Amino acid sequence: MLNGFSYVSSHDLANLSFVLLHISIGHSSCDNTAETGDGYSILLELSDVDPFFDKKKILLNYGGFDVKEIVHIKSSSDSGSLQSTLNQMLQIARIIHLDEVELYFGPVGGLGFYSPRNEMEAQNFILSLIKTSLSSQVHMQAHALQDLRDAIINRIHELGTEDKVENKIDINYKCDKENCLIQWAENNGAKTRLHIAYIQGAGRGAIATEDLEVGDIAMEIPTSLIISEDLVYKSDMYQVLERIDGMSSETMSLLWSMKERHNCHSQFKIYFDTLPENFNTGLSFGVEAIMALDGTLLFEEIMQAKEHLRVQYDELFPALSNDHPDIFPPELYTWEQFLWACELWYSNSMKIMFADGKLRTCLIPFAGFLNHSLHPHIVHYGKVDPATNSLKFPLSRPCSVGEQCCLSYGNFSGSHLITFYGFLPQGDNPYDVIPLDFDVDQVDAMGDCPQSNWTTHMVRGTWLSENQNIFYYGLPSPLLDFLRSARIQMPFTKTLIKANLEVDKEVLEDLQSTFNDMVESLSDIDSFDREISSWDVKLALEFKEMQRRIVTSILTSCSTGIKLVEYELSKCKAEE
């Protein structure tokens, strides 16, 4: 699920948007409110601790907004006025909830917004503001707010319909062990509106047993069924592990699970019985699959991760088994079993905030059947409700009966998902980026441009770009601005003059040369016979094919861009 187990630090480009929510209704007298005589006002604020505050502030200013924007809703607003107000709130909310990748690349072509993830976050953010306003009920009449709530829920439904993914259920697969786990969980206080089925191409997944709406709880798990470090503290191995310098709670939990899975009297035996013998993540790739990835970022990620885990294992074993064979039986603590446990915690653990305010890395029986999607139904699920002492999984978009209910593991690239989870998601992943490393110093000649001051640069499939025209070419503006600024010592203006066009031609030709070399290293995938290839080789080839598609799109954009520039240059020469 989430990358809760933290042996290897991964490159996660997604950043949490820091949002302060302040609601003011009618004549409320509390701070951060605005009085209106004929309706309501809602304050949308960009937090000053947001890591991209300056860039988002500029984007807000370009749209005519401030970092603290009060939106007024009149009690007498008609449908047209409410839609206009909603559009205004969405413009602000989208910018507030931008992550690093969305901020870097800008809106996705053809969508009219930054990404499905960002749009869902913005819509649910506004819905939460309206619900808070309605719950305050200072005024007896709240028809305008109710109409606004209905309008945003309709938007959420429309987005969900566009992003709906059809899944085929294999009715021949019997989920007996999984059904026993559900029954066990329900007998111990869990509540669910999902059942488990085998989904073609995805394995086991959670299916809605009824139509679920935004805000409905798909699953609720009491903390007594959550596997956390607290169980380690009660075990005999804790007194040994606590004396080891640098021993993290995550590592303790992993070592505990290696032994507990073989405990016939374990409280969680029924859970461990549902776990696979092999997780088939990138950490289990064989030699042929690794070699097939040579020259890719995934090759480096897997090799570094496996090397790091091997070093950690060797630091612990066989020393622990030699010194404490009764607590750490050597037959249960082999390298193979250690790697299995690493894959378990990487692919199934979640970071959970408990009622005591402590963040713990946990395994949650039954919740592990929720698969990842680029268009998830469940996004916010990491905090225990202190009123019920349970972990709830509320929906951020509707899920129809018989539909697979998915959540988000995080805003991860395909290479990360293969390494630690063992799959590539369906559809175009906006986080499948190729980072670029430049030897020249960063030059910022763009003044107040929202994309200035980037210290890292990247590319992704240019089919996601909104603008393929001259000076844009489907490529990210921060990258183009950086490459231009490395060539000229003055701000670049997007005007059709000879000097600007010649700079852009150089930039595009340099990028074309770089990616021509890259595409050659990805050209060997056709030499493999996929019909007889093993699972890991097939997954490696699928990743390499995706990488080739990205690189090919960049080359096409460069080539098309050079033709655009040459055409404009010919017009300039004709006018001389």
Side-chain angles (χ1 to χ4, degrees), residues 1-2 4 169 174-199 203-232 234 253 256-257 260-261 263 265-276 344-345 347-356 358-373 376-396 398-409:
M1 317 280 283
L2 285 178
I169 296 175
K174 304 300 181 183
C175 298
D176 295 336
K177 290 183 178 180
E178 293 79 3
N179 290 329
C180 288
L181 177 63
I182 295 175
Q183 189 61 58
W184 168 81
E186 290 181 329
N187 291 342
N188 286 276
K191 301 175 184 178
T192 181
R193 299 159 88 172
L194 309 170
H195 72 90
I196 306 306
Y198 192 87
I199 301 165
R204 298 175 297 183
I207 308 298
T209 58
E210 58 185 281
D211 289 335
L212 301 174
E213 283 297 329
V214 178
D216 284 348
I217 305 300
M219 183 189 305
E220 183 176 352
I221 309 292
T223 55
S224 59
L225 298 185
I226 296 177
I227 297 173
S228 73
E229 62 198 61
D230 292 341
L231 294 170
V232 184
K234 301 173 184 177
S253 298
W256 174 88
S257 66
E260 192 70 11
R261 68 179 289 215
N263 181 4
H265 304 291
S266 171
Q267 172 192 356
F268 299 98
K269 182 182 186 317
I270 195 166
Y271 166 65
F272 285 111
D273 286 347
T274 64
L275 297 175
L344 165 64
W345 283 85
S347 62
N348 283 265
S349 67
M350 297 182 183
K351 286 281 191 182
I352 303 299
M353 178 70 73
F354 281 74
D356 61 3
K358 186 174 181 181
L359 192 66
R360 296 173 173 88
T361 302
C362 307
L363 293 175
I364 304 173
F366 183 40
F369 296 123
L370 289 164
N371 288 322
H372 172 78
S373 173
H377 302 87
I378 301 169
V379 178
H380 304 288
Y381 53 90
K383 188 175 182 180
V384 169
D385 183 345
T388 59
N389 202 29
S390 62
L391 183 66
K392 297 177 180 178
F393 294 80
L395 268 70
S396 293
C399 185
S400 303
V401 59
E403 182 183 356
Q404 182 182 190
C405 187
C406 297
L407 50 67
S408 171
Y409 294 177

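Note: hydrogens, waters and symmetry copies are ignored here, and every other heavy atom, side chains too, is used. Every value quoted in this text rests on a predicted model; they were computed, and no experiment measured them. Nothing fancy with the numbering, it's 1 onward along the sequence.
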Between Gln183 and Asn179, does any side-chain donor sit less than 3.5 Å from a side-chain acceptor? no
Trp345 side chain to Ser253 side chain, donor-acceptor N/O pair below 3.5 angstrom: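 Trp345 vs Ser253: no donor-acceptor pair found between side chains.
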Run Leu194 and Leu212 through side chain to side chain contact (heavy atoms under 4.5 Å, CB included) and show every step you take. CA-CA 10 Å; Leu194 309 170; Leu212 301 174; 4.3 Å; yes
Less than 4.0 Å between a side-chain N and a carboxylate O, is that true for Asp273 and Lys269? yes
For Lys191, is the NZ atom crowded, meaning more than 12 foreign heavy atoms sit under 6.0 Å from it? no
Does the pair Leu395 and Ile378 meet the rule for a side chain to side chain contact (heavy atoms under 4.5 Å, CB included), with working shown? CA-CA 5 Å; Leu395 268 70; Ile378 301 169; 4.2 Å; yes
So how far is it from [X] [atom1] to [Y] [atom2], rounded to the nearest 0.5 Å?
X      : Y      : atom1 : atom2 : result
Lys383 : Leu391 : NZ    : CG    : 12.0 Å
Glu210 : Ser400 : CD    : OG    : 11.5 Å
Leu359 : Thr361 : CG    : OG1   : 6.5 Å
Asn263 : Ser257 : CG    : OG    : 12.5 Å
Leu231 : Leu363 : CG    : CG    : 10.0 Å
Ile196 : Asp176 : CD1   : CG    : 13.0 Å

Qualifying residue for side-chain contact (heavy atoms from CB on, under 4.5 Å) with His377, from Cys399, Ser396, Ser408: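 That would be Cys399.
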Kindly indicate, with the supporting measurements, whether the criterion side chain to side chain contact (heavy atoms under 4.5 Å, CB included) is fulfilled by Leu225 and Ile364. CA-CA 7 Å; Leu225 298 185; Ile364 304 173; over 6 Å; no
Verify, without hydrogens or angle tests, whether Thr192 (side chain) and Met219 (backbone) share a donor-acceptor contact under 3.5 angstrom.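 Not confirmed, Thr192 side chain does not pair with Met219 backbone.
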Verify, without hydrogens or angle tests, whether Asp211 (side chain) and Val401 (backbone) share a donor-acceptor contact under 3.5 angstrom.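 The answer is yes, because a donor-acceptor pair under 3.5 Å joins these two groups.
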With a 4.5 Å limit on heavy-atom distance, are the side chains of [X] and [Y] in contact?
X      : Y      : result
Ile352 : Arg360 : no
Arg261 : Leu275 : no
Trp256 : Ile227 : yes
Asn389 : Val384 : yes
Thr274 : Arg204 : yes
Asn188 : Ser224 : no
Pro394 : Asp216 : no

Nearest heavy atoms of [X] and [Y], plus distance in Å:
X      : Y      : result
Pro365 : Leu181 : CB-CD1, 4.3 Å
Met350 : Leu407 : CE-CD2, 4.3 Å
Gly205 : Ile199 : CA-CD1, 3.8 Å
Leu370 : Tyr409 : O-OH, 3.0 Å
Ala197 : Ile207 : CB-CG1, 3.8 Å
Val214 : Pro398 : CG2-CD, 3.9 Å

For the residue pair Phe393 and Tyr381, does the interplanar ring angle fall in the parallel (under 30°), tilted (30 to 60°) or perpendicular (over 60°) class? parallel
Would you call the rings of Phe268 and Trp184 parallel, tilted or perpendicular if under 30° counts as parallel and over 60° as perpendicular? perpendicular
